[in-house]
Amino acid sequence: MTDDLHALRAETEAALAAASDLRAWDAVRVGVLGKQGRLTGLLKELGRVAPEGRRERGAQLNVLKDELATLIEARRVELDAAALDARLAGERMDVSLPPLPHPHGLVHPISRTMEEMAAIFGAMGFTVGEGLDIETDWFNFSALNIPAHHPARADHDTFYLPGERDGRPLLLRTQTSDVQIISMLQTPPPLRVIAPGRTYRADHDATHSPMFHQCEGLVIDRDITLGHLKGCLTDFLRAFFGIADLPMRFRSSYFPFTEPSMEVDIGWNRRTGELGGGGDWLEILGSGMVHPRVLANCGLDPREWQGFAFGMGVERVAMLKHGIPDLRPFFEGDLRWLRHYGASPLAPASLHEGIAP
Ligand code: DAH
């Protein structure tokens with residue numbers, strides 16, 4: 001190889017070594033192999049070389065061209081790897097660092113209990129209905145067959161509010177039974193609705209709070225009997241308390257909006273508070289067949305439609321299920337209590353195993 005070719009190789013090697021990034025590398029490549037590059041220029045001049053030396057010169061140039069192309073490509077691979085290393089180093093993350101403390105919230109036992117109710121009744125085909133905290137006395141009482149001056153009105157220690165709607169006095173609803181009326185007026189039967197929500201009564205001690213929660217249930221269809229009521233509530237209570245053979249007693253009772261009416265008792269041990277056995281009875285909810293007058297108040301013909309309804313206290317069943325002795329801390333916001341009785345938001349409330357849809 002002639003001196004000029006040696007020199008070109010040496011200079012190209014030096015220039016490649018000096019090129020510290022892809023942009024500089026590309027300038028070297030273009031300067032040697034590009035259209036105006038030095039090696040390209042030498043190839044173009046080949047025609048002017050004397051015929052006796054042309055063949056050898058041509059062969060040497062081709063060998064050099066291959067060598068240079070290999071050197072240039074090798075440097076590109078090196079620079080690519082270096083660029084990747086630099087990027088990785090820049091994005092390096094120290095996975096050994098402990099995470100920042102990030103306290104997660106817990107689901108309040110009231111919310112959790114209502115979620116569990118919705119999961120169980122949802123598996124039985126119920127939807128969740130809603131009412132308003134501020135209602136008229138028609139939805140809360142009259143439509144439910146509790147006319148003015150009916151003694152049941154006095155039992156409820158109602159908070160009346162100033163003002164009226166539709167010419168009726170306003171109050172804080174004392175029961176979620178108003179959602180029975182709302183549901184029947186809004187949706188044509190058949191109906192399966194539960195309505196968990198806030199209720200209010202002027203009462204305050206260890207077992208009563210002026211604001212508390214109830215969950216109402218309503219089923220309306222053409223052939224509904226007491227048997228459906230018993231089956232539905234039996235399935236619910238056994239799933240909710242997680243006791244497959246929970247003893248249950250349906251005891252005749254009175255509510256103005258159902259006829260006949262029944263209170264439901266579950267078996268427990270009064271002394272230990274344990275649910276299930278023990279031989280004692282604990283009243284847990286009210287229920288009954290929807291009174292024909294309530295159906296008629298909602299525009300349904302009682303000869304065509306029947307149904308059952310039930311209502312229970314959310315705090316009450318939550319206290320029994322989790323062994324919570326006092327009602328008041330439910331609403332006091334004491335973090336120690338909430339951490340103890342709160343439920344993980346990551347654990348879904350799917351308590352409906354064993355319920356046939
Ligand atoms: N609303 C009743 C109460 O607050 C509970 C109740 C009883 C609801 C019987 C019902 C029912 O739907 O059928 O005491």
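First listed ligand is number 1; within each ligand, the first listed atom is number 1.
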Item checked: Asp166 versus Thr136, side-chain donor and acceptor atoms under 3.5 Å -> no
Margin query: Tell me which residues fall inside the under-4.0 Å heavy-atom shell around ligand 1.
Written below: Gln175, Ser177, Gln180, Arg201, Gln214, Glu216, Phe255, Phe257, Thr258, Gly286, Ser287, Gly288, Ala309, Phe310, Gly311
Note to self: Can you tell whether the side chains of Arg328 and Asp205 come within less than 4.0 Å, N to carboxylate O?
What the structure shows: no
Next item on the list: Report yes or no: do Asn140 and Arg173 form a side-chain donor-acceptor pair below 3.5 Å?
Entry: no
Notebook entry, point to check: Going only through I, L, V, M, F, W and Y residues with side-chain contacts under 4.5 Å, is there a path from Val290 to Phe126?
Noted result: no
Note to self: To check you understand the geometry: which heavy-atom pair defines the closest contact between Leu79 and Asp21, and what is its length?
What the structure shows: CD1-O, 3.6 Å
Check: Checking ring pair (Phe, Tyr, Trp, His ring centres under 6.0 Å) for the pair Phe257/Phe141: CA distance, chi angles, key distance, verdict?
Finding: CA-CA 9 Å; Phe257 33 87; Phe141 290 128; 9.8 Å; no
